[in-house]
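Both ligands and their constituent atoms are indexed starting at 1 by order of listing.
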Amino acid sequence: MRRDMFAIPPGIYMDGNSLGLMPHAAREAVLRRLDDWQRDAVGGWDAWFNLAESLSPSMARLVGARPHEVIATGSITANLHALLATLYRPEGPSSEKGRRHLVATSLDFPSDVYALQSWAEREGAEVRLIPSRDGHTLHADDILTALADDVAVAVLPTVLYRSGQLLDVEGLTRAAHERGVLIGWDAAHSVGSVPHALHDAGADFAVWCHYKYVNAGPGAPGGLFLHERHHGQAPGLRGWWGHAKDTQFEMAHHFRPAAGAGAYQLGTPPILALAGLEGALAVFDSVTMEEVRARSLELTSRLMALAEAHLPEMQVVTPHDPACRGGHVALAHPEAQALSVALRARGIVPDFRQPDILRLAPVALYNTEAEVEETVGALRELLRTGAHREVGAAGLVT
Ligand SMILES: Cc1ncc(COP(=O)(O)O)c(C=O)c1O
């Protein structure tokens, strides 16, 4: 739907859920900021000083927030630590009853679990991982059971990184609050693909990256949402870039937090990387998230239907209900890794996730039905001939 706004490499790209393709506007914005640096040197800071804050209105649209509730900074992992440092307030010593434990899921991306484990270790608390009944998805009853009366904070994925299951953010946020549990969301696999209403849902916090569906480039600064009801307190982790902007350069040793989520910045922002985000957001300024979602569902529905019709050897593990799936489709097969390598050798870029998942992301902004059809056709051919078994599992890391 916006294919002409992107640099499209040769072949078929189905890996926008790992690293989104480059919007022309992102390249132009980075070059513009390089020109600033070349021309203005340190004087460039006049324009760069508020760059992160200037991106908040566009980011807020993506996540359904108020602009002062979001900021571009850090990474998912760093932002999760920063938010836990503020919001995780375990009650009482570990021997006593009180809200002190943390909840995540057995299907989480590992970095989130590592972050929670570091806080649990400091506090003598547990990280409880919600089990999966089928190894791919989570059942709402198991999530609700985990939101127990000794849990302080739950961090859940909006979309599961392997199966692509989309959780009910609004319903689970409500359920967590009814049970007295603070709830944060890892929205890495939904921002830029699925509309959000984080403010209205009342989510306490959320973290996400911009290098997947937002197309801001490798290692682009992440995103952080903190509901305005938590804005009164000083961040648990502080740095000079989170200081109120008007007096930041007074260099006082008394920290006066910036109003809103901006207070969660720590050090000097990476201006060249932020420029990639600046350009990428211009693409989203030209569409609504409802349009993006409708197109994404069209493409994933087509892909799932074709996979079921033509690839009976592969199991579609992504939920069929559109209300329960994000922007990618996961196909399970014991030879998924070899299939991924063989597809790449043929110019089609999927990715593989342990132990047996081939992920395909037909991205609303730039993929086409013809690409979906060709990808399924190539898989059909590989499974028929067994040619993928001849390709060594090259040391791919993505
Ligand atoms: C769901 C999810 N959470 C967390 C991360 C880690 O993100 P970061 O490296 O930005 O901290 C990733 C990275 O891909 C992810 O997919």
Side-chain angles (χ1 to χ4, degrees), residues 14-21 52 59 62-63 70-85 102-119 127 129-130 132 136-138 153-167 169 172 183-194 196 198 203 205-225 237 264-267 269-270 273-274 276-277 280 318 325-330 349-354 357-361 363 396-398:
M14 286 280 163
D15 206 11
N17 58 327
S18 182
L19 178 67
L21 290 182
M59 284 169 61
L62 296 187
V63 297
V70 300
I71 194 72
T73 189
S75 62
I76 293 178
T77 314
N79 292 338
L80 193 48
H81 279 295
L83 288 159
L84 289 171
L102 294 158
V103 162
T105 96
S106 58
L107 299 177
D108 277 349
F109 194 88
S111 207
D112 295 26
V113 178
Y114 303 156
L116 292 175
Q117 282 166 344
S118 27
W119 287 91
V127 177
L129 299 181
I130 299 165
S132 166
H136 300 297
T137 57
L138 297 169
V153 180
V155 178
L156 299 179
T158 52
V159 169
L160 274 61
Y161 81 101
R162 268 191 299 228
S163 68
Q165 180 189 13
L166 169 65
L167 298 185
V169 175
L172 290 169
I183 186 157
W185 292 94
D186 176 341
H189 285 268
S190 57
V191 172
S193 166
V194 177
H196 295 72
L198 291 177
F205 65 92
V207 290
W208 63 93
C209 60
H210 290 116
Y211 42 74
K212 300 180 188 290
Y213 294 101
V214 183
N215 315 303
L224 169 161
F225 162 86
L237 295 184
Y264 286 73
Q265 296 170 95
L266 290 173
L274 270 177
L277 177 59
T318 306
R325 72 173 196 266
H328 74 266
V329 172
V349 184
D351 69 15
F352 164 73
R353 285 294 175 264
Q354 292 287 354
I357 297 292
L358 185 80
R359 296 191 307 183
L360 296 167
V363 172
L396 294 175
V397 292
T398 56

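Atom 6 (C) of ligand 1 has as its closest protein heavy atom Phe109 CE2, 3.6 Å. Ranking the protein heavy atoms by distance from atom 11 (O) of ligand 1 puts Thr77 OG1, 2.5 Å first. Nearest protein heavy-atom contact of atom 16 (O) of ligand 1 is His189 NE2, 3.1 Å.
Of the heavy atoms in Asp186, only side-chain atoms (C-beta onward) come closer than 4.0 Å to ligand 1. When heavy-atom distances to ligand 1 are checked against a 4.0 Å cut-off, Asp112 comes that close only through its side chain, counted from C-beta outward.
Partner Trp208 forms a side-chain contact (heavy atoms from CB on, under 4.5 Å) with one of Asp186, Val70, Thr158 and no other, that one being Val70.
Here the side chain of Ser193 pairs no donor or acceptor atom with the backbone of Tyr213 at under 3.5 angstrom. Remark: side-chain polar atoms of Asn79 are not paired, donor with acceptor, to backbone N or O of Ile76 under 3.5 angstrom.
Every residue two or more places apart in sequence or in another chain that forms a side-chain contact (heavy atoms from CB on, under 4.5 Å) with Val194 is listed here: Leu166, Ser190, His196, Arg293.
Atoms of ligand 1 found under 4.0 Å from any heavy atom of Ile76, numbered from 1 in the order shown, are 3 (N), 4 (C), 5 (C), 7 (O), 8 (P), 10 (O), 11 (O). Atoms of ligand 1 lying under 4.0 Å from any heavy atom of Tyr211, numbered from 1 in the order shown and given with element: 7 (O), 8 (P), 9 (O), 10 (O), 13 (C), 14 (O).
One option in His210, Lys212, Arg353 has a heavy atom closer to atom 14 (O) of ligand 1 than any other, and that option is Lys212.
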Original post:
Passes side chain to side chain donor-acceptor pair (under 3.5 Å), Thr77 versus Ser111? Steps please.
Top reply: CA-CA 6 Å; Thr77 314; Ser111 207; 2.7 Å; yes
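In plain terms, the two heavy atoms of Pro157 and Leu167 that are nearest each other are O-CD1, 3.2 Å.
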